[in-house]
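Chain identifiers are assigned alphabetically (A, B, ...) following the order of the sequence lines, protein sequences preceding nucleic acid strands; residue numbering begins at 1 within each chain. Worth saying up front: this structure is predicted, and the values here are computed from it rather than measured. These values consider heavy atoms only, across backbone and side chains, with no hydrogens, waters or symmetry-generated copies.
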Protein chains: 2
Amino acid sequence: MTMSELDERSKKILWATIKSYIDLKSPIGSEVVTKRFSFGLSPATIRNTMADLIELGYLSQPHTSAGRVPTEKGYRLYVDALLKEYTLPLDPTFLQQLFNRLHSIEKNINRLIEETSKTLSAFSHYVGVAIPPQPKEITLKRIGFVKHSDSKVLCVLISEEGIVKNKLITLAEVLTQRDLNKITNYLNHEITGLTLNEIKTKILSQMSREKTICDELIAKALRIFKEAITWLPEYNVYTGEISGTYNLPDFATISQIKKLFKAIEYKHFIAKILDKIAESDGVQVFIGSENTIYEMEDFSIVVSTYKDRYIARGTIGIIGPTGMDYEHVIPLVRHTAETLTEILSEG
Amino acid sequence: MTMSELDERSKKILWATIKSYIDLKSPIGSEVVTKRFSFGLSPATIRNTMADLIELGYLSQPHTSAGRVPTEKGYRLYVDALLKEYTLPLDPTFLQQLFNRLHSIEKNINRLIEETSKTLSAFSHYVGVAIPPQPKEITLKRIGFVKHSDSKVLCVLISEEGIVKNKLITLAEVLTQRDLNKITNYLNHEITGLTLNEIKTKILSQMSREKTICDELIAKALRIFKEAITWLPEYNVYTGEISGTYNLPDFATISQIKKLFKAIEYKHFIAKILDKIAESDGVQVFIGSENTIYEMEDFSIVVSTYKDRYIARGTIGIIGPTGMDYEHVIPLVRHTAETLTEILSEG
DNA sequence: CATTAGCACTCTAAAACATGGAGTGCTAAT
DNA sequence: ATTAGCACTCCATGTTTTAGAGTGCTAATG
């Protein structure tokens with residue numbers, strides 16, 4: 001057995017051990033493996049291999065005469081295999097339920113996201129999380145203004161995705177309704193159909209160019225608009241229900257629960273993680289200390305991106321113990337992301 | 001000792017016992033009371049009185065040779081005294097901090113409420129909750145419309161309190177921008193300065209009267225408006241951070257934490273409780289099973305209303321174990337509500 | 001006669017101890 | 001190379017012991 005590679009049999013035994021551990025949630029002895037799998041090998045042989053796997057860092061032992069427990073390195077291998085080679089087929093009744101739950105929601109993206117997080121929680125018994133598309137990626141459909149008082153105007157942005165953002169703007173000068181209408185028309189003409197990111201670069205550079213020339217009113221319009229889109233990049237992290245979660249032995253200690261809540265409460269932590277992966281497609285898994293955040297070091301997170309009809313991407317995921325049931329969770333997350341993408345693609 | 005009344009000394013001993021229990025969080029023996037308070041009485045006497053108090057239902061005993069524990073009836077007496085007669089002076093540095101925290105927030109009521117819930121959590125180490133004024137009580141300042149597409153219009157309501165609500169309305173007929181402007185003007189003229197409740201009764205009855213007569217456009221306006229204000233009565237219940245909470249021995253068991261979270265997650269439960277008291281002023285305390293909701297039966301909630309410059313009332317409160325530190329929490333909640341009212345009253 | 005010292009009694013939480021079994025690592029046999 | 005056999009380790013569980021906190025009662029006391 002070389003250091004760099006595991007032979008086929010070792011892999012199988014490692015797999016069997018990890019799977020058993022996830023199922024039984026307690027250290028796995030050699031005999032358990034022989035009983036649950038028919039490798040045609042005796043416990044003694046399994047034991048020898050297991051000793052090697054410990055040597056190589058894939059397994060560990062709570063104490064001398066105990067069974068074996070997967071290490072993060074072990075989970076990594078297990079999960080990678082799960083992601084690449086093998087997918088558990090999803091239960092059709094479950095698929096139906098998922099479909100129903102998400103389709104029963106009115107076409108409001110935030111409600112949809114919220115329901116998704118709840119659905120993920122409900123079906124996984126871990127903690128589901130979901131965030132809507134990042135503001136910078138949403139496509140602007142319409143801009144409007146509602147007079148608030150003489151010096152203030154509420155700017156309303158509507159995105160193609162159906163996201164509505166409000167921002168109260170204090171004006172330097174008094175504007176008539178006529179002016180406001182003109183500004184509205186101008187901005188809608190220039191801006192509609194672009195993403196906020198595009199607008200920021202394209203239009204605002206244009207602004208500095210046009211600064212000297214042109215209509216005084218347009219200058220004003222651009223100034224107002226610039227203020228309107230500089231909201232703080234708020235993250236709406238929705239987390240599903242958590243009270244169903246800590247039945248699981250993994251979450252059974254107070255300190256664990258505490259950590260979990262710290263992690264969940266500092267939503268920007270989660271947003272940061274979910275954000276980091278927003279670039280790549282497909283399901284990704286971060287195991288234990290791979291999450292650089294301290295509060296998350298005992299947990300794993302399974303995430304995937306989804307897309308809407310335009311180009312915006314959001315992220316959904318499940319937070320669970322490092323020994324979570326990846327075999328079921330990964331397809332669940334994958335399929336949920338796909339379903340969400342589907343729904344958001346429909347006219 | 002009559003059944004109906006406690007004599008002065010019994011009250012003192014009961015008070016001392018409850019206070020000690022809250023401080024020490026474990027059953028209180030007669031000797032503890034004599035040591036912590038100088039009643040000039042021996043343990044034996046205290047014991048006799050305590051036996052009476054058990055008889056009368058103010059105290060209980062986990063087992064024969066244990067100290068005494070307050071019952072809900074006991075807490076009730078204790079809390080009522082606390083509410084009526086006696087207020088712990090608040091630490092001035094704390095007052096300063098509270099003031100700073102709430103004043104550092106921009107004048108956005110929802111942000112303010114959120115911060116309040118967090119502040120309550122932080123300073124009490126229990127769970128702070130806060131809800132903004134009920135929709136029906138807010139005073140309308142302005143209404144506006146932003147065209148979404150040919151058949152849809154986004155209705156924007158701005159309240160005096162600074163609350164903004166959006167509702168997407170599907171139109172039966174196509175409206176020109178001119179029509180929309182007219183409708184906007186008409187509605188603003190009719191409606192501004194009224195509470196939603198007033199509007200609902202007054203204007204909508206007027207609507208049915210004017211139905212037959214009058215401008216066709218006004219009829220349309222009223223129809224649109226009616227749809228606009230019939231949003232679901234959503235409760236934004238903000239809960240502060242919880243991860244700091246279960247250091248406390250009271251929250252030390254898994255099942256307790258579980259209950260707590262069930263209670264918190266079903267926010268409408270809390271909203272219901274907070275709602276019920278929205279009528280009366282001042283601080284109120286609900287102890288254990290006084291909260292009719294099952295999930296709350298092991299907890300107490302200390303609540304108070306706050307008012308904004310107009311007539312709207314919101315509620316804030318703290319959820320903690322029945323044996324929570326009422327002596328500190330009650331003034332905290334009272335003062336926070338006052339501060340909030342103050343801030344919301346400023347121009 | 002209310003109060004209290006004194007004391008036997010109760011119950012528990014914590015410590016100390018005992019036991020069974022699950023699981024290992026090694027060795028010798030296949 | 002595999003595995004049966006076995007001595008050994010360690011923990012989880014259950015049992016026993018112990019110390020002490022607290023009570024309720026009784027008899028003594030001002």
Side-chain angles (χ1 to χ4, degrees), chain A residues 1-2 6-14 16-21 23-71 74 249 252-253, chain B residues 1-2 6-14 16-21 23-71 74 249 252-253:
Chain A
M1 176 156 328
T2 72
L6 290 179
D7 68 53
E8 222 27 65
R9 200 179 69 183
S10 304
K11 269 190 195 162
K12 265 191 186 156
I13 291 172
L14 178 58
T17 309
I18 296 180
K19 185 159 166 45
S20 301
Y21 181 78
D23 287 353
L24 306 176
K25 292 169 182 62
S26 72
I28 300 302
S30 49
E31 209 179 327
V32 174
V33 173
T34 59
K35 283 221 178 97
R36 302 183 87 228
F37 300 82
S38 11
F39 289 144
L41 294 173
S42 79
T45 313
I46 304 281
R47 267 205 296 286
N48 288 331
T49 312
M50 279 174 155
D52 295 339
L53 290 169
I54 285 186
E55 196 70 29
L56 293 169
Y58 293 103
L59 293 176
S60 71
Q61 228 174 346
H63 57 86
T64 347
S65 73
R68 328 289 170 132
V69 171
T71 62
T253 72
Chain B
M1 175 155 329
T2 71
L6 289 179
D7 69 52
E8 222 26 66
R9 200 180 68 181
S10 303
K11 268 191 195 162
K12 265 190 186 157
I13 291 172
L14 177 59
T17 309
I18 296 181
K19 185 160 166 44
S20 300
Y21 181 78
D23 288 353
L24 306 176
K25 290 167 183 62
S26 71
I28 300 302
S30 51
E31 209 180 328
V32 174
V33 172
T34 58
K35 283 219 178 102
R36 303 183 87 229
F37 301 82
S38 9
F39 289 145
L41 294 173
S42 78
T45 313
I46 305 281
R47 266 206 297 285
N48 288 331
T49 312
M50 278 175 156
D52 295 340
L53 289 169
I54 286 187
E55 197 70 28
L56 294 170
Y58 293 103
L59 293 176
S60 70
Q61 229 173 344
H63 55 87
T64 347
S65 73
R68 326 290 169 131
V69 170
T71 62
T253 71

Heavy atoms only: give me the nearest [X]-[Y] pair and the separation to one decimal.
X: Tyr21(A); Y: Ser26(A); answer: CD1-O, 3.3 Å
X: Ser42(A); Y: Thr34(A); answer: C-CG2, 3.9 Å
X: Thr17(B); Y: Ile28(B); answer: O-CG1, 3.7 Å
X: Arg47(B); Y: Ser30(B); answer: NH1-OG, 3.1 Å

Verdict with supporting geometry, Leu6(B) and Leu53(B), side chain to side chain contact (heavy atoms under 4.5 Å, CB included): CA-CA 9 Å; Leu6(B) 289 179; Leu53(B) 289 169; 4.1 Å; yes
What nitrogen or oxygen pairs link the protein and nucleotides 14-20 of chain D at under 3.5 Å?
none

Upstream residue (5' side of DNA chain C) when Asn48(B) and Thr64(B) are each assigned their closest nucleotide: Asn48(B)
Taking the nucleotide of DNA chain C with the nearest heavy atom to each, does Arg9(B) or Met50(A) sit closer to the 5' end? Arg9(B)
Should we say atom CD of Glu31(B) is surrounded by more than 12 heavy atoms from elsewhere, each under 6.0 Å from it? no
Distance in angstrom units between His63(B) NE2 and dG22(D) C1', rounded: 9 Å
Measure CD1/Ile46(A) against P/dT3(D) and give the value in whole Å, please. 9 Å
Stem list, DNA chain C (Watson-Crick or G-U pairing under 3.5 Å, at least 3 consecutive pairs): C:1-30 with D:1-30
I'd like to know if the side chain of Ser20(A) and the backbone of Val33(A) have a donor-acceptor N/O pair within less than 3.5 Å. no
Span of DNA chain C, from the first to the last nucleotide whose atoms fall under 4.0 Å of chain B heavy atoms: dT3(C) to dT12(C)
Could you check whether Gln61(B) gets within reach of a base, just the sugar-phosphate, or nothing at all, counting any heavy atom under 4.0 Å? sugar-phosphate
